[in-house]
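What follows is a short report on a single structure.
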Amino acid sequence: AGSVRRSGSPWSWWSGLPSLPPCPARTPVPSTTTGMCDGDENPAAVPVAPPDVQGDGRWMSQHNRFVADTKDKEPDVLFVGDSLVQLLQQFEIWRDLFSPLHALSFGVGGDATQHVLWRLQHGELENIRPKVVVVWVGTNNHGHSAQQVAGGIEAIVHLIHQRQAQAKVIVLGLLPRGRDPNPLRVKNECVNELVCAALRPLPHATFLDTDPGLVASDGSLSHHDLYDYLNLTRDAYGRLCPPIHRAVLQALGEAAGTGA
């Protein structure tokens, strides 16, 4: 799942990496975001464990395994999120790009923002001191508005900064979903714009648009990129991960420069 930190610092050569690109310029979204981060009103920002609908306890078992990992591993980079994080670890590109950076993956399929918040509040940020935390979650927040989902993501960033003040947080943008144009794509795009704007003034956090151009000219998504029109294929991860890798390297370099 991750490698133990080795002696020496591999980040000394980071200097000269390009800066992260600015937020994507897209269709304007509503500016009324009152209550986005208000946990009392926003269900996407209230930590909760999902119900064990199938009755096999798998979700809690995965969480407990992650907590155990924090006790015997020393990650420099921590990935947290849903199935997009979980599945990334299964492909060679994880071993090629992220394992050498001493990375741990705490991804659970189906998780929404409120589930990640619960996990982080219940042990997944204990015992470790990562330099970078990568967050990729939000597309599973069914029934929540774009403003609520953005507020849930902001709550995750706030919690990470509260518990791991030394860490740089990289929030990855939500991807388009569904074979053909649909309201959830519009919602995800709106979430991205809201989160990008909210993180812009924060020195410890940044937003990264991960979409390499998955939508074809006719508005469709290919199963060669998203095999179920939601989760990525090996080839698609190969296109998305290099920019993520560069962003992580840049953040590691910045952390090394501040002595974090």
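In this chain, numbering begins with 1 at the start of the sequence shown.
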What orientation do Trp118 and His63 show, parallel under 30°, tilted 30 to 60°, or perpendicular over 60°? perpendicular
Under 3.5 Å, is there a donor on one side chain and an acceptor on the other for Ser105 and Trp94? no
Assess whether a salt bridge exists between Arg234 and Glu92, defined as any Lys/Arg side-chain N lying under 4.0 Å from an Asp/Glu carboxylate O. yes
Is there a side-chain contact between Gln164 and Arg129 (heavy atoms, below 4.5 Å)? yes
Pair Lys71 + Glu126, salt bridge at N-O below 4.0 Å: no
Under 3.5 Å, is there a donor-acceptor pair between the Glu41 and Gln148 side chains? no
Taking the side chain as every heavy atom from C-beta outward, state whether Ile170 and Val132 have any pair of such atoms under 4.5 Å apart. yes
Sub-4.5 Å side-chain heavy-atom contact between Val137 and Val135: yes
Approximate separation, where rounding is to 0.5 Å, of Asn231 CG and Leu88 CG: 11.5 Å
At their closest point, which heavy atom of Leu84 faces which heavy atom of Asp82, and how far apart are they? N-OD1, 3.0 Å
Is any side-chain heavy atom of Phe91 less than 4.5 Å from a side-chain heavy atom of Asp96? no
Can you confirm whether the side chains of Asn188 and Thr139 place a donor and an acceptor under 3.5 Å from each other? yes
With a 4.5 Å cut-off on side-chain heavy atoms, are Arg185 and Leu221 touching? yes
Within 6.0 angstrom of His158 NE2, more than 12 heavy atoms from elsewhere: no
Could you check if a side-chain atom of Thr113 sits within less than 4.5 angstrom of a side-chain atom of Ile156, using non-hydrogen atoms only? yes
Under a 3.5 Å cutoff, is there a donor and acceptor pairing between the side chains of Asp111 and Gln86? no
Student check: side-chain heavy atoms of Leu87 and Tyr237 closer than 4.5 Å: yes
Looking only at side chains, do Arg58 and Gln54 share a donor and an acceptor under 3.5 Å apart? yes
Pick from Leu208, Leu175, Val80: which one makes a side-chain contact (heavy atoms from CB on, under 4.5 Å) with Trp136? Leu175
Shared ILVMFWY cluster between Ile93 and Leu214, side chains joined below 4.5 angstrom? yes
If you round to the nearest 0.5 Å, how far is CG of Asn42 from NE2 of His144? 7.0 Å
Less than 4.5 Å apart, side chain to side chain, heavy atoms only: is that true for Val171 and Ile153? yes
Taking atom types as modelled, find out whether Asp225 and Thr233 have a side-chain donor-acceptor pair closer than 3.5 angstrom. no
